[in-house]
Amino acid sequence: MTRDLRRMMMAGNYEESKLYKLRHSAAHVMAQAVLEKFPEGKVAIGPPVEDGFYYDFDLPRPLTPEDLEEVESRMREIIKNDSEFVREKVSAEEARQIFADQPYKLELIQGLEEGDVDEHGNPVEEKPDITIYKSDAFVDLCRGPHLESTGKIHPKAIKLMNVAGAYWRGDEHNPMLQRIYGTAWLSPKELKQYLWRLEEAKKRDHRKLGRELDLFSVSDDVGAGLILWHPRGAMIRYIAERFWEDEHVKHGYDFVYTPHIGKAKLWQTSGHLDFFAENMYAPIEIEDQQYYLKPMNCPFHVQIYKSDIRSYRDLPMRYAEKGTVYRYERSGVLHGLMRVRGLTQDDAHHFCAPSQMPKEIDFVLTFSLNILRAFGFSDIKAYLSTRPEKAAGELERWDRAEAALEDTLKRLALPYEVDAGGGAFYGPKIDLKVNDALGREWQLSTIQFDFNLPDRFDMTYIEEDGQPHRPYMIHRALLGSMERFFGTLIEHYGGAFPIWLSPVQAVIIPIADRHVEYAANIADQLKDAGLRVELDDRNDRMNAKIRDAEKQKVPFMLVVGDREMEENAVDIRRRSGERLGSMMVDDFLALALQEVEDKVVG
RNA sequence: GCCGAUGUAGCUCAAUGGUAGAGCAAUCGCCUUGUAAGUGAUAGGUUAUGGGUUCGAUUCCCAUCAUCGGCUCCA
C-alpha cells in the first residue's frame, strides 16, 4: 500500500467513499476485459489508489498502448451490460476451487486463511472473512466494497493511463507483473479536471523548465544524477543560500566546512559501512589507506565537536554546513533534481544537554518553519516517526525525545501525523513536507535525533558535577538538499520565481535603435542599485522581446521609447501582463526593491 | 537494480534497408518598431555508443549508456 493511500485512509474515509467503490469496481471491470483478451493470464491484486486504480497481471506478453485502448473500449461494453456486483462469503476450500488456476489468488487465500496478512501482505489483527465478488463474466477474490452494478460507472469518466512493471507484493525478489494504471471519476467533468491537473503538472515539470529557463542540466559525459547548475540556476541558489546563511548567523549557528572524503575507520566507527554501505561509492586508495566519498556530513561534525573538551556552558552548539555528499542511487530511481547522486545538504547538527533538549527542538522547528515560509511554502505538514522495533539507545531517551517532538508539534499547532515505528534505528524524527501550488506534497526538512553517533564516538561534555555526560545530538536538514529544494521551488512557482529569487528581475526593452543608449543608462542605474537587470538590445520588434521575457518569466519588463526618453521614465509591465504605466526610474526602483525586501510572490 | 517504452540539428518532432527533412532557436541582412512571434537568406546531423546481419544499416538484431513511466529503495 502506498504511503499516500494510507495517509488518505487515515485522514478521511476514502475507503467508505463512493469514489473508492467506483475505482475498485472499475478495477474489476478492467481485469475482466484483460482476461478476455488473455484467457491464460493470471491476475494479482487491483486496489483503488489516489486518483484511480490499478490491477496487476501476469501475462504472456508485454502490453502495448494499443492493447490499452482495446481494453478500455471493452470496459465500456461491460459497463453497458450493467451487471450487478454480487458479494458472496466462501470457505477457503471453495475459494481455492474457484481460483484453482490463479496462483496469486491461491497465495492470497492462504494468507487470508491463516489470517495474518491482508491482500497487500501487510499484517492484520483480525482474521478476515473470505469473500468473492461476481460481476458480469468475472469473479474476483475481494473484500469489497463495490458499487451496486457495473452500470454505475460512468463510461466517459474512466481512462486507462499507462502500463508499468510492479513486483508481486512489492517485493523485488518476487516476479515482475504488469500493472495497468487507470483513473476513474464520478463524472466526465471530474475526469477532465484531473487530466487538466496532469497537464498543468507537466507544464511545471522542473526538468522541462530547467531546460527552458536555462537553470540546470545533466550531461551524459559527466554522469547520471550529477547536476550542472547553469548561471541562472546558480544565481537562484546563491540568493537562497545567502538568505539561509544570514538567518543561520542570526540564530546562533556556527558554520563549519568539512572535506569530501574520510578514512574507512571513520565510517566504520560511525556505522555507515554497516548500515549505509549500499549507498556508498567504492573506496579510494591513498598511500595504502582507504578513503570513502562522504554520503553524510555527521561524522565530520562530530570530529569538530570532539576536537576539544566541551562544557555544559558551551551547549547548545549548532554546526551548520552546506555539505556536498555523494550517494549511490540505483539507476532506475534517478529523477531530475529530485533524486540525484551528488547533492548538497543544508545540514546542521545540534548538540545539547538533556535538560536543553525540549527547548532545542522548539527552536529548530520554529526556525525551520520560518525559513520554509520565507520561500513561499505556507502549507506545511509534519510527520513524526517513532521508535522502530530494532533501535539503538535506551528506551528512556527515546521516550523523552518522542515526547519533546510531539509537544513541540502541538505547541506550534502544526498539523502532523504519527508514523509509529517509522523512525530510524538511531532515533525518532520529524519530517516536514510542503504542499505546492498544485497541492502536491514534497518532503523537504528532516529533524532527527541521533542516539547512535554520540555513543559510537563516545561524545561527552562536562556537567556542573564535573563529570562527563552524553550530549543529545540532533541532525537537521532544513531545505533537504539544494537540488531537491530547487526542483520543488521550480515546480511550486512553475518557474515564475518571486522577484527576490528571480535570476533576472527586469528586462529593459528599447523600442527602436535610437532608444538603446537611454535603455543602457537605465540598466546601469538599476544594476547599481542592486537589481538584476538585462538589456534586450537585439534587433527585434518590441513585441518579440516582450514575448521572450514573458517566456523567461522575468518579473518586470521596462519598455522605453520616445515618450519615456522625454520624461526620463520607464513603462512597466509585469509578467502577469499587468501594465503599471509610465514611472520615474527612481519610483520603479523603490517599488521593485520593496518587493524584493518583502519577498513578494507573484 | 527490475519491467516496459524511447534515443534523429540547440529545442520540439518527421522520414527511409540505397549515406536525412520541418518548425522554433542560432548567424548575417532588410525593416526602426508602443505591450506575447515583422521579414529574407545562411549555416547546422558519422541518426546516443559499440558490435552483428547485409552488396549496402540511421532503419533489422545484440550489448552498453542515457532518458521517460512505474516497482523496489530514500535528501
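We name chains A, B, ... by the order of the sequence lines, and we start the count at 1 in each one. Because the structure is predicted, anything quoted here is derived from the model rather than measured.
Using the Watson-Crick or G-U wobble rule with both distances under 3.5 Å, B:U32 pairs with nothing in any strand shown. Partner assigned to B:U54 is none, using Watson-Crick or G-U wobble distances below 3.5 angstrom. In this structure, B:U12 forms a base pair with B:A22, meeting either the Watson-Crick or the G-U wobble geometry with both donor-acceptor distances under 3.5 Å. In this structure, B:G45 forms no base pair with any nucleotide, since neither Watson-Crick nor G-U wobble geometry is met with both distances under 3.5 Å. In this structure B:G7 sits in a base pair with B:C65, meeting the Watson-Crick or G-U test at under 3.5 Å. Nucleotide B:G1: paired with B:C71 (Watson-Crick or G-U wobble, both distances less than 3.5 Å).
A:Arg339 comes within 4.0 angstrom of a nucleotide base, judged by non-hydrogen atoms across all strands. Backbone-only engagement by A:Arg179 is indicated by non-hydrogen atom pairs under 4.0 Å involving sugar-phosphate atoms exclusively. Residue-level contact check: A:Ala477 touches neither bases nor backbone, having no heavy atom under 4.0 Å from any strand. Nucleic acid contact for A:Phe276: none, since no nucleic acid atom lies under 4.0 Å from a heavy atom of the residue. Among the heavy atoms of the strands, none lies under 4.0 Å from A:Val218. As judged by a 4.0 angstrom heavy-atom cut-off over every strand, A:Tyr181 is placed among residues touching the sugar-phosphate backbone only. Across all strands shown, A:Leu479 has no heavy atoms under 4.0 Å from either base or sugar-phosphate atoms. Nucleic acid contact class of A:Gly170 (heavy atoms, under 4.0 Å, all strands): sugar-phosphate only. Across all strands, A:Asp347 comes closer than 4.0 Å to no nucleic acid atom at all (heavy-atom distances). Contacts of A:Gly480 with the nucleic acid, taken as non-hydrogen atoms under 4.0 Å apart, involve only primed sugar atoms and P, OP1 or OP2.
For A:Arg563 and A:Glu566, the salt-bridge test fails: no basic side-chain N is under 4.0 Å from an acidic carboxylate O. With salt bridges taken as basic N to acidic carboxylate O contacts below 4.0 Å, one links A:Arg574 and A:Glu595. Between A:Arg339 and A:Glu329, at least one side-chain nitrogen of the basic residue sits less than 4.0 Å from a carboxylate oxygen of the acidic one, meeting the salt-bridge criterion. For the pair A:Glu278 and A:Arg330, the salt-bridge criterion is not met [side-chain N within less than 4.0 Å of a carboxylate O]. The residues A:Lys37 and A:Asp67 are annotated as salt-bridged, a charged nitrogen and a carboxylate oxygen being separated by less than 4.0 angstrom.
Residue A:Leu213 contributes atom CG, which lies 20 Å from atom P of B:G10 at whole-angstrom precision. Straight-line distance from the CG atom of A:Asp67 to the P atom of B:A5: 11 Å, rounded to whole Å. Whole-Å rounding puts the A:Asp540 CG to B:G34 C1' distance at 15 Å. Straight-line distance from the CG atom of A:Asn162 to the C1' atom of B:G69: 6 Å, rounded to whole Å. Between A:Lys202 atom NZ and B:C68 atom P the separation is 14 Å, expressed in whole Å. When rounded to the nearest whole Å, the span between CZ of A:Arg207 and P of B:U12 equals 12 Å. One interatomic measurement links the two molecules: CG of A:Leu177 to C1' of B:G70, which rounds to 13 Å at whole-angstrom precision. A straight line from CD of A:Glu278 to P of B:C74 spans 8 Å, rounded to a whole angstrom.
A heavy atom lying under 4.0 Å from RNA chain B marks the following residues of residues 504-516 of chain A, by number: A:Ile511, A:Ala512, A:Asp513, A:Arg514. Within residues 563-570 of chain A, the residues approached by RNA chain B to less than 4.0 Å at the level of any non-hydrogen atom are A:Arg563, A:Glu564, in residue-number order.
Within 3.5 Å, no donor on the side chain of A:Arg169 pairs with an acceptor on the base of B:C71, nor the reverse. Applying the 3.5 Å distance criterion, the base of B:U32 shares no donor-acceptor pair with the side chain of A:Arg541. A donor-acceptor contact under 3.5 Å links the side chain of A:Tyr167 to the base of B:G1. A:Asn539 contributes a side-chain N or O that forms a donor-acceptor pair with the base of B:C31 under 3.5 Å. For a distance-only test at 3.5 Å, the side chain of A:Glu329 qualifies as a donor-acceptor partner of the base of B:A75.
Among the nucleotides B:C3, B:A75, B:G1, the one closest to the side chain of A:Arg330 is B:G1. In the set B:A26, B:U72, B:A36, B:A26 carries the atom at the smallest distance from any side-chain atom of A:Arg538. Comparing atom distances between the A:Asp220 side chain and each of B:C73, B:A66, B:G70 picks out B:A66 as nearest. Candidate nucleotides B:A36, B:U12, B:G1 were compared by shortest atom distance to the side chain of A:Val333, and B:G1 ranks first. With distances taken from any side-chain atom of A:Arg547 to the nucleotides B:C73, B:A75, B:A36, the minimum falls on B:A36.
Relative to the six-membered ring of A:Tyr383, A:Lys433 meets both conditions, a distance below 6.0 Å and an angle of at most 45° to the axis. Within the cation-pi definition used here (under 6.0 Å to the ring centroid, within 45° of the axis), A:Arg237 does not qualify as a partner of A:Trp244. No cation-pi contact links A:Lys42 to A:Phe57, judged by a cut-off of 6.0 Å to the six-membered ring centre and 45° from its axis. Both tests pass for A:Arg179 against the ring of A:Tyr54: distance under 6.0 Å to the centre and angle within 45° of the axis.
Only one option out of A:Ile508, A:Asp548, A:Ile509 pairs with A:Met557 in a side chain to side chain contact (heavy atoms under 4.5 Å, CB included); it is A:Ile509. Of the options A:Tyr292, A:Tyr319, A:Tyr257, A:Trp267, a ring pair (Phe, Tyr, Trp, His ring centres under 6.0 Å) to A:Phe300 is made by A:Trp267 and by none of the others.
Using a 4.0 Å cut-off, some side-chain N or O of A:Arg573 falls inside it from OP1 or OP2 of B:A36. A:Arg211 has a side-chain polar atom (N or O) that falls below the 4.0 Å cut-off from OP1 or OP2 of B:U12. Contact annotation: A:Gln178 side-chain N/O to B:C71 OP1/OP2 distance is not under 4.0 Å.
With 3.5 Å as the limit, one finds no donor-acceptor pair spanning the side chains of A:His475 and A:Gln448.
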query: Does the salt bridge (Lys or Arg N to Asp or Glu O under 4.0 Å) test come out yes or no for A:Asp214 and A:Arg232, once each step is laid out?
result: CA-CA 7 Å; A:Asp214 198 13; A:Arg232 294 197 174 182; 5.6 Å; no
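Rounded to whole Å, the P atom of B:C11 lies 29 Å from the corresponding atom of B:C71. The C1' atoms of B:U46 and B:A20 are separated by 13 Å, rounded to the nearest whole Å. Between B:G56 and B:C28, the distance separating the two P atoms is 45 Å to the nearest Å.
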